[in-house]
Amino acid sequence: MAVHLVSAFLLLTQCQAVPFDYPPPTNSSFLEGLQLDIGEINNTSEPFLFSTQPPGTTRRTPQTIIIGVRKGGTRALLEMLDIHPNIAVAATEVHFFDWDENYIKGIEWYRSLMPYSFENQITIEKTPGYFTSLQAPERIHSMNSSIKLLLILRDPTERVISDYTQVYYNRLENHKPVQPFEGIVIKNGALNTKYKAIQRSLYDVHMERWLKYFNLNQIHIVDGNTLIKRPLTELQKVEKFLNLPPRIVSSNFYFNQTKGFYCIRSDGRERCLHESKGRPHPVVNETILEQLYSYFREHNQRFYQMVNQSFDWH
């Protein structure tokens with residue numbers, strides 16, 4: 001990888017007006033690492049385009065999209081699927097179908113953000129905001145009505161706390177004021193059901209929109225709680241759903257005692273999720289937890305009926 005980075009640096013310093021001309025590697029994780037190292041990946045930038053491409057490859061619109069849910073484990077799922085040789089993953093969250101300012105740029109702009117892939121590879125993009133978006137289901141259906149969708153979910157209450165934790169640390173890092181969890185979740189002595197994190201956990205409400213445009217057999221639900229504990233179990237189900245040959249095996253994972261979750265071993269190297277993953281969550285009062293469990297219980301039951309599947313949620 002160091003050789004590639006040195007080559008990139010020399011080419012860029014020789015003439016900044018000349019586009020980076022080194023053929024991108026086909027392994028999408030390698031590509032993502034290279035782009036990060038030279039500072040080209042972010043959600044607001046224009047596509048990072050290579051002027052050449054590996055023979056036999058092209059950029060394709062995704063055949064599969066991870067549509068959510070935020071703080072459900074979408075990054076872990078994408079990284080783990082990237083182990084499979086027949087999968088090419090987009091390096092960044094695109095927000096094409098949920099952000100109007102991106103959607104108006106058109107489908108070719110969207111395609112330009114996808115990795116180069118071979119004919120036998122499935123291109124996958126993930127943007128967690130799609131699941132809760134009002135526009136995304138119809139827009140994705142308009143692009144490809146037969147697309148396969150992956151949705152990773154976890155216990156709704158746990159997801160709310162994780163959502164709060166991410167915002168909490170982001171605000172701290174940006175020197176903005178923060179509120180305790182209880183101060184946001186409880187308003188005037190009652191559960192603040194208008195809190196965005198709670199709204200995102202109403203899986204039945206959001207799923208209803210998706211089922212207006214897609215058949216249930218086009219949507220595979222990944223159990224985020226199981227993925228954390230037994231990743232291979234969930235990934236084998238995804239391989240089957242995508243009609244892929246089984247290539248992900250138990251040796252691709254090892255438990256990192258320091259981080260407290262599974263990391264990935266593939267292509268002769270080991271990698272864990274970003275340090276922002278697995279941050280400690282606040283200790284929440286039992287009374288508030290019970291209020292959240294109670295509020296979500298009816299929504300969960302309705303969701304189970306919609307998808308013909310149940311989960312071990314509170």
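Here the structure is a predicted model, which is why all the values come from computation and not from measurement.
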- Between S145 and Q218, what is the shortest heavy-atom contact and its length? O-NE2, 2.9 Å
- Between S294 (side chain) and Q291 (backbone), is there a donor-acceptor pair under 3.5 Å? no
- Any sub-3.5 Å donor-acceptor pair from E239's side-chain atoms to R247's backbone N or O? yes
Atom pairs and distances, donor-acceptor, side-chain atoms in residues 222-233, under 3.5 Å, two or more places apart:
unit_1 : atom_1 : unit_2 : atom_2 : d
D223   : OD1    : N225   : N      : 3.0
D223   : OD1    : T226   : N      : 3.2
D223   : OD2    : T226   : OG1    : 3.2
N225   : OD1    : D155   : N      : 3.1
N225   : ND2    : E158   : OE1    : 3.0

- Query: Taking 4.0 angstrom as the limit, do R209 and D204 come out as a salt bridge?
  - Reply: no
- Query: Is any side-chain N of the basic residue among R271 and E79 closer than 4.0 Å to the acidic one's carboxylate O?
  - Reply: yes
Decide whether [X] and [Y] meet the rule of one side-chain donor and one side-chain acceptor closer than 3.5 Å.
X: T165; Y: D163; result: no
X: R200; Y: T132; result: no
X: R60; Y: T123; result: no
X: K194; Y: Q199; result: no

- What residue among Y293, F296, Y304 forms ring pair (Phe, Tyr, Trp, His ring centres under 6.0 Å) with W313? Y304
Using the six-membered ring of [Y], assess whether NZ or CZ of [X] lies under 6.0 Å from its centre and within 45 degrees of the ring axis.
X: R59; Y: Y116; value: yes
X: R70; Y: F131; value: no
X: K105; Y: Y110; value: no

- Task: Using the side-chain hydrogen bond (donor to acceptor under 3.5 Å, both in side chains) rule, take Q135 and Y130 through it: C-alpha gap first, then chi angles, then the decisive distance, then the call.
- Result: CA-CA 8 Å; Q135 301 87 3; Y130 291 161; over 6 Å; no
- Check: Y203 ring centre within less than 6.0 Å of H299 ring centre: no
- CA sep, side-chain torsions, deciding dist, call: K126, E93, salt bridge (Lys or Arg N to Asp or Glu O under 4.0 Å): CA-CA 6 Å; K126 77 103 176 171; E93 292 177 9; 2.5 Å; yes
